[in-house]
Asker: 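Dropping a structure here in structure tokens format, bear with me for questions.
Values below: all heavy atoms of this structure, side chains included; hydrogens, waters and symmetry mates excluded. Reminder, nothing fancy here: chain letters follow the sequence lines and each chain counts from 1. Keep in mind it's a predicted model, so treat the numbers as computed, not measured.
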Amino acid sequence: MGVRILFLGPLRDIAGEPEREVPAPLDWAGLLAAVGPDIADQLREPRVHVACGSRVLGDKTRLDAREGDEVALLPPVSGG
Amino acid sequence: MGVRILFLGPLRDIAGEPEREVPAPLDWAGLLAAVGPDIADQLREPRVHVACGSRVLGDKTRLDAREGDEVALLPPVSGG
Amino acid sequence: MARLALSTPLDVRLLARGLSVGEALAAFNAAHGEAGGIVSFLGKVRPDGDVRALELTHYEPLTLPGMQELASSAQARFELDGALVWHRVGVMVPGEAIVMVAAAARHRRNAFEGADYLMDHLKSAAWLWKREKRGNGWHWVEPRGADRTDLDRWK
Amino acid sequence: MARLALSTPLDVRLLARGLSVGEALAAFNAAHGEAGGIVSFLGKVRPDGDVRALELTHYEPLTLPGMQELASSAQARFELDGALVWHRVGVMVPGEAIVMVAAAARHRRNAFEGADYLMDHLKSAAWLWKREKRGNGWHWVEPRGADRTDLDRWK
């Protein structure tokens with residue numbers, strides 16, 4: 001089943017799809033390679049966060065997603 | 001019918017009555033004499049206001065109440 | 001829910017009996033459909049120590065006109081779409097509503113400040129006198145220093 | 001009016017459908033009978049220019065837990081008796097409610113600050129993404145600089 005990457009908010013439009021399945025394991029370099037250059041550029045911005053297994057990573061470059069994990073890419077929020 | 005003096009809030013308890021009728025006309029000195037020494041002391045405090053004919057007087061010492069006027073003595077408020 | 005008829009943009013009332021806060025907010029919301037933000041404040045009698053009841057007295061020729069002027073000044077100052085300013089008079093028991101204000105504005109900061117301003121002024125600048133019934137009888141409530149300080153924030 | 005059952009002291013919800021603001025405030029008021037002051041904020045879709053609809057998306061595993069943490073932190077910081085934090089998700093049209101918060105406290109200053117704090121954080125620190133449908137299609141809403149500044153007030 002690999003790792004499921006979720007594109008939230010505007011990243012969904014850039015990705016052209018809400019989610020993508022990639023092989024496990026997945027680290028930061030693997031993530032940047034898997035999402036394509038446009039999303040990778042976004043991910044390098046400090047205001048874009050990454051969650052793995054329902055937890056927002058304090059340091060996203062230490063991503064270590066395993067088989068079955070969900071990795072959510074979180075652009076800046078705009079609620080209320 | 002003279003002038004009706006109204007005692008608002010805690011002044012009512014000091015006066016021992018909600019209102020009092022006195023002969024017209026009524027000026028500041030007349031008011032102080034009409035209400036008794038305890039209320040007169042209160043009236044001299046800057047935070048106690050006087051209204052005449054539904055208007056709060058900017059300078060209460062210039063009170064000039066005529067026949068039929070209502071003079072309201074307004075202690076500090078405590079609403080909300 | 002029965003729909004209250006509110007006057008717009010300002011609805012200012014002295015109420016001799018209880019108020020339904022849910023209906024008031026629902027009606028205010030309906031009356032200001034284009035507002036981006038609505039802030040309401042509800043003040044209630046607190047069951048403090050041995051307070052059994054609270055009485056608010058007013059002076060008819062001054063109190064309501066003063067509240068209407070206050071609502072107008074809040075509307076102008078904070079560019080409110082509308083305001084609701086309701087105050088109870090008479091005797092109330094703990095848990096009962098004493099005052100309700102609401103402010104509708106395009107942006108939330110204005111709605112918050114409008115409601116805050118209305119309350120600070122009702123507390124220390126409306127012609128209302130409050131006394132409390134405790135175990136040993138009725139006592140007039142002195143204006144608090146904090147209310148004075150709150151009012152000075154708007155000067 | 002049918003009485004909503006609220007959880008106390010904190011009632012935090014993501015709503016897929018419309019909310020009744022009157023019922024929410026009435027229930028919150030009933031749930032906090034001993035509070036001296038209750039402040040509510042209601043945010044609605046503004047009929048701005050050619051905005052026809054607005055969509056809010058969330059991320060299930062983060063959004064609601066984050067709102068629950070926010071409510072807890074507001075409760076602790078402002079000594080609230082309770083808080084209500086409701087946010088719509090999905091598609092809304094102008095005039096519809098997007099968000100409602102309420103804060104109950106012993107004193108009104110705490111209730112005002114609690115509601116204000118909740119809104120500032122929902123605006124810029126909750127896991128929600130907003131897009132607007134205009135005449136020429138859907139557009140994602142960028143976070144506003146003002147929201148960022150509002151948030152910094154609490155640091």
Side-chain angles (χ1 to χ4, degrees), chain B residues 1-22 24 26 31 34-36 38-60 62-80, chain C residues 14-15 41-46 54-70 85-90 92 97-101 115-133 137-148 150-151:
Chain B
M1 53 190 184
V3 171
R4 201 150 64 112
I5 302 174
L6 263 73
F7 303 100
L8 275 302
L11 296 183
R12 188 180 67 187
D13 293 353
I14 302 175
E17 57 190 352
E19 55 181 86
R20 187 175 303 169
E21 197 99 7
V22 299
L26 185 72
L31 177 64
V35 295
D38 290 347
I39 300 274
D41 281 351
Q42 294 284 326
L43 281 176
R44 288 189 195 96
E45 301 248 358
R47 55 186 211 146
V48 174
H49 291 87
V50 173
C52 181
S54 304
R55 291 189 44 235
V56 182
L57 302 178
D59 178 355
K60 61 194 171 189
R62 303 190 132 191
L63 173 68
D64 179 23
R66 304 303 174 93
E67 195 65 29
D69 274 348
E70 187 169 277
V71 172
L73 312 189
L74 311 162
V77 298
S78 52
Chain C
L14 276 175
L15 305 167
F41 175 82
L42 170 68
K44 300 196 284 182
V45 184
R46 276 201 312 266
L54 186 151
E55 188 190 31
L56 273 155
T57 48
H58 70 296
Y59 178 52
E60 191 74 40
L62 293 184
T63 313
L64 192 61
M67 287 165 61
Q68 282 159 340
E69 272 172 46
L70 171 61
V85 181
W86 288 6
H87 212 298
R88 271 294 308 274
V89 290
M92 286 145 267
I98 310 172
V99 57
M100 178 159 179
V101 305
D116 201 3
Y117 172 94
L118 286 168
M119 277 311 304
D120 279 353
H121 286 77
L122 283 177
K123 275 285 196 183
S124 352
W127 297 110
L128 292 162
W129 297 271
K130 182 157 66 182
R131 58 177 194 156
E132 289 173 350
K133 187 179 192 175
W138 286 97
H139 302 274
W140 290 98
V141 176
E142 280 290 305
R144 299 186 313 137
D147 290 335
R148 205 66 235 169
D150 285 346
L151 199 58

Asker: Drop me the distance from C/Tyr59's OH to B/Leu6's CG, to the nearest 0.5 angstrom.
Answerer: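 Here the interatomic distance stands at 5.5 Å.
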Asker: Less than 4.5 Å to any heavy atom of chain B: does that hold for the side chain of C/Glu55, its backbone, both, or neither?
Answerer: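 For C/Glu55, the contact with chain B is made by the side chain alone.
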Asker: In terms of heavy-atom proximity below 4.5 Å to chain B, should C/Arg88 be classed as side chain, backbone, both, or neither?
Answerer: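 For C/Arg88, neither part sits under 4.5 Å from chain B.
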Asker: Do other residues, nucleotides or ligands put more than 12 heavy atoms under 6.0 Å from C/Glu69 CD?
Answerer: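 Atom CD in C/Glu69 is not crowded, with 12 or fewer foreign heavy atoms closer than 6.0 Å.
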Asker: Answer with side chain, backbone, both or neither: which region of C/Thr57 has an atom nearer than 4.5 Å to a non-hydrogen atom of chain B?
Answerer: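 Side chain only.
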Asker: Check whether C/Trp129 reaches the backbone of B/Pro75 with its side chain - one donor and one acceptor, N or O, closer than 3.5 Å.
Answerer: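 Between the backbone of B/Pro75 and the side chain of C/Trp129 there is a qualifying donor-acceptor contact (under 3.5 Å).
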Asker: At a heavy-atom separation under 4.5 Å, does C/Leu122 approach chain B through its side chain, its backbone, both, or neither?
Answerer: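 C/Leu122 touches chain B through backbone heavy atoms alone.
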Asker: Report the distance from atom CG of B/Leu8 to atom CG of C/Leu62, rounding to the nearest 0.5 Å.
Answerer: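 Here the interatomic distance stands at 8.0 Å.
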Asker: Can you tell me which portion of C/Trp140 sits under 4.5 Å from chain B's heavy atoms? Options are side chain, backbone, both or neither.
Answerer: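 For C/Trp140, the side chain is the part near chain B, not the backbone.
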Asker: What's the separation between atom CZ in C/Arg131 and atom OG in B/Ser78, rounded to the nearest 0.5 Å?
Answerer: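 C/Arg131 atom CZ to B/Ser78 atom OG measures 11.5 Å (nearest 0.5 Å).
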Asker: Kindly indicate whether the side chain of B/Ser54, heavy atoms from C-beta on, has any atom under 4.5 Å from the side chain of C/Glu60.
Answerer: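 No, their side chains stay 4.5 Å or more apart.
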Asker: Look at C/Ala125, C/Gly43, C/Pro61, C/Gly66 and state which one has the largest set of heavy-atom pairs under 4.5 Å with chain B.
Answerer: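 The answer is C/Pro61.
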Asker: Check each atom of C/His58 against the heavy atoms of chain B and say whether the ones under 4.5 Å are side chain, backbone, both or neither.
Answerer: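 Contact with chain B involves the backbone of C/His58 alone.
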Asker: Output, in order, the C-alpha distance, side-chain angles, deciding distance and verdict of side-chain contact (heavy atoms from CB on, under 4.5 Å) for C/Trp138 and B/Asp13.
Answerer: CA-CA 11 Å; C/Trp138 286 97; B/Asp13 293 353; over 6 Å; no
